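Letters A, B, ... mirror the listed sequences (proteins, then strands); counts begin at 1. Keep in mind the model is a prediction, meaning the values are calculated, not measured.
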Amino acid sequence: MSQRIGTKLFVYRLSFYTTLDQLKKLFSPFGVVTNANLVMDPVTKRHKGFGFVSYKTEIEAEKAMKAMNGRIVNGRLLLVEPANEK
DNA sequence: GCTGAGCGG
């Protein structure tokens, strides 16, 4: 019932060369990142190309989303959306 | 070294 964005962001279409450390560094300047993670694949030993970034407040999350969504990172177009906790 | 939808654990 929440029309709010929430503090969690779904980050996807990352290049296979982008790492969690890079992700945190890219999202840190926009606010206080409380948690960041890339979904790993046990078979390929690489991340699946998407992950999650959590901020202290949803204001920061929205700001970072608008700032990073559609940006080119490591030669790939990065997409950022509010996460949908299943 | 390479590919490319999607909401993890």
Check your understanding: Under the salt bridge (charged side-chain N to carboxylate O under 4.0 Å, His left out) test, which residues partner A:K48, sequence neighbours left out?
Key -> none

Check your understanding: Near DNA chain B, under 4.0 Å by heavy atom, which residues of residues 26-47 of chain A?
Key -> A:N37, A:V39

Review point. In the hydrophobic cluster built from side-chain contacts under 4.5 Å, what are the other members alongside A:I59?
Key: none

**Study point:** Nucleotide B:dG4, atom C1' - distance to CD1 of A:I72 in whole Å
**Key:** 14 Å

Review point. If you pin A:S15 and A:K8 to their nearest nucleotides in DNA chain B, which one's is more 5'?
Key: A:S15

Side-chain donor-acceptor pairs under 3.5 Å in residues 33-42 of chain A, sequence neighbours left out?
residue : atom : partner : partner atom : Å
A:T34   : OG1  : A:S54   : O            : 3.2
A:D41   : OD1  : A:V43   : N            : 2.7
A:D41   : OD1  : A:T44   : N            : 3.2

Exercise for review: Rounded to the nearest angstrom, tell me the gap between atom CZ in A:R13 and atom C1' in B:dT3.
Suggested key: 13 Å

Check your understanding: Applying salt bridge (Lys or Arg N to Asp or Glu O under 4.0 Å), which residue pairs with at least one partner in residues 14-34 of chain A are found, sequence neighbours left out?
Key -> A:D21-A:K25

**Study point:** Sequence neighbours excluded, every pair satisfying salt bridge (Lys or Arg N to Asp or Glu O under 4.0 Å) that has a member inside residues 65-80 of chain A
**Key:** A:E62-A:K66

Check your understanding: Please give, in whole Å, the distance from B:dA5 P to A:E81 CD?
Key -> 15 Å

Review point. Under the ring pair (Phe, Tyr, Trp, His ring centres under 6.0 Å) test, which residues partner A:F30, sequence neighbours left out?
Key: none

**Study point:** Residue A:K48, side-chain heavy atoms: nucleotide from B:dA5, B:dG6, B:dC7 that is nearest
**Key:** B:dG6

Check your understanding: Going by 5.5 Å between centroids and 30° between planes, is there a stack of A:F16 over B:dG4?
Key -> yes

**Study point:** Under 3.5 Å donor-acceptor, A:H47 side chain and A:T18 backbone
**Key:** yes

Exercise for review: Work out which heavy atom in A:V73 is nearest to a heavy atom in A:L78; give both atom names and the distance.
Suggested key: CG2-CD2, 3.8 Å

Practice item. Would you kindly give the CG-to-P distance between A:N84 and B:dA5, to the nearest whole Å? Key: 19 Å

Review point. Hey, does A:L14 reach any base, or is it just sugar-phosphate, or nothing, if we go heavy atoms under 4.0 Å?
Key: base

Check your understanding: Near DNA chain B, under 4.0 Å by heavy atom, which residues of residues 50-71 of chain A?
Key -> A:F50, A:F52

Point to revise | Contacts of A:E60 that satisfy side-chain contact (heavy atoms from CB on, under 4.5 Å) - sequence neighbours left out | key: A:V32, A:Y55, A:K56, A:T57

